[in-house]
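Report on the structure given below.
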Amino acid sequence: GAGVSQSPSNKVTEKGKDVELRCDPISGHTALYWYRQSLGQGLEFLIYFQGNSAPDKSGLPSDRFSAERTGGSVSTLTIQRTQQEDSAVYLCASSLLASYNEQFFGPGTRLTVL
Amino acid sequence: AQKVTQAQTEISVVEKEDVTLDCVYETRDTTYYLFWYKQPPSGELVFLIRRNSFDEQNEISGRYSWNFQKSTSSFNFTITASQVVDSAVYFCALSVTNTGNQFYFGTGTSLTVIP
């Protein structure tokens, strides 16, 4: 399909383990965003990539969280030494260049840390 | 600082009633964009509308309408003759070009339409 895809759709892990979440944006979209949505909460901004510019990491909650975007396309969000409070749905979105362009969201990855 | 407030956490209406979802935003920038997104029970957010700060004309799309008022920093969303399929969480968002394209989302309003 032509939409944003994320994998896995569900991830259950044990506390202390590392996890990697993947996002495939829409082809041609230069901007990519990661958000976290906890149960019943709004969207918490995590990180933003725009082309080859340095990412905006201002939303990452701790140094256990990191993300990269290879070749301006696929992005991976890594959470090291997961904690129970990391349990949430992680959403990826992509958009064309500028902030006035709407974001297209993926279906999310539901992360459960036991 | 930028902020979006959706004071209504949950709303329930009976089918065919009209319902308005409130959104109040804060920004000192003069150029900004406002958005509404719908998140149905399936979970995937769907874009509904975008408005820029220089266009205060209200917009209507079918049963949906939006009222943008800069004087009150509000961008409210009205659903006319609600239907069960309108049941979802609705998010209002603000984007300000000077902050490097970051989007600021409200906490969402959960709408339940009762048949």
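Order of the sequence lines sets the chain letters (A, B, ...), proteins ahead of strands, with each chain counted from 1. All of these numbers come straight from a predicted model, not from anything done at the bench.
- A ring-centre distance under 6.0 Å is found for Tyr33(A) and Phe103(B).
- Contact detail for Gly106(A) and Glu44(B): the closest heavy-atom pair is O-CG, 3.8 Å.
- Of the two parts of Phe104(A), neither the backbone nor the side chain holds a non-hydrogen atom closer than 4.5 Å to a non-hydrogen atom of chain B.
- Only the side chain of Tyr37(B) comes within contact range of chain A, with heavy atoms under 4.5 Å apart.
- When the shell of 6.0 Å around NZ of Lys16(B) is examined, it contains 12 or fewer heavy atoms from other residues, nucleotides or ligands.
- For Glu44(A), no part sits under 4.5 Å from any heavy atom of chain B, backbone or side chain.
- One hydrophobic cluster, built from ILVMFWY side chains closer than 4.5 Å, holds both Leu111(A) and Leu77(A).
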- [ ] Could you walk me through whether Tyr35(A) and Phe105(B) pass the ring-ring contact (aromatic ring centres under 6.0 Å, His included) test, one step at a time?
- [x] CA-CA 10 Å; Tyr35(A) 296 90; Phe105(B) 282 83; 5.3 Å; yes

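- For chain B, the nearby part of Ser58(A) is the side chain; its heavy atoms alone come within less than 4.5 Å.
- The shortest side-chain heavy-atom distance between Thr107(B) and Leu43(A) does not fall under the 4.5 Å cut-off.
- In this structure, the separation between CZ on Phe35(B) and CD on Gln103(A) is 7.5 Å, given to the nearest 0.5 Å.
- Residues Leu32(A) and Val89(A) do not share a hydrophobic cluster, defined by chaining ILVMFWY side chains whose heavy atoms lie under 4.5 Å apart.
- A chain of hydrophobic side-chain contacts below 4.5 Å, direct or via other Ile, Leu, Val, Met, Phe, Trp or Tyr residues, connects Tyr32(B) to Trp66(B).
- Residue Gln39(B) touches chain A through its side chain alone, counting heavy-atom pairs closer than 4.5 Å.
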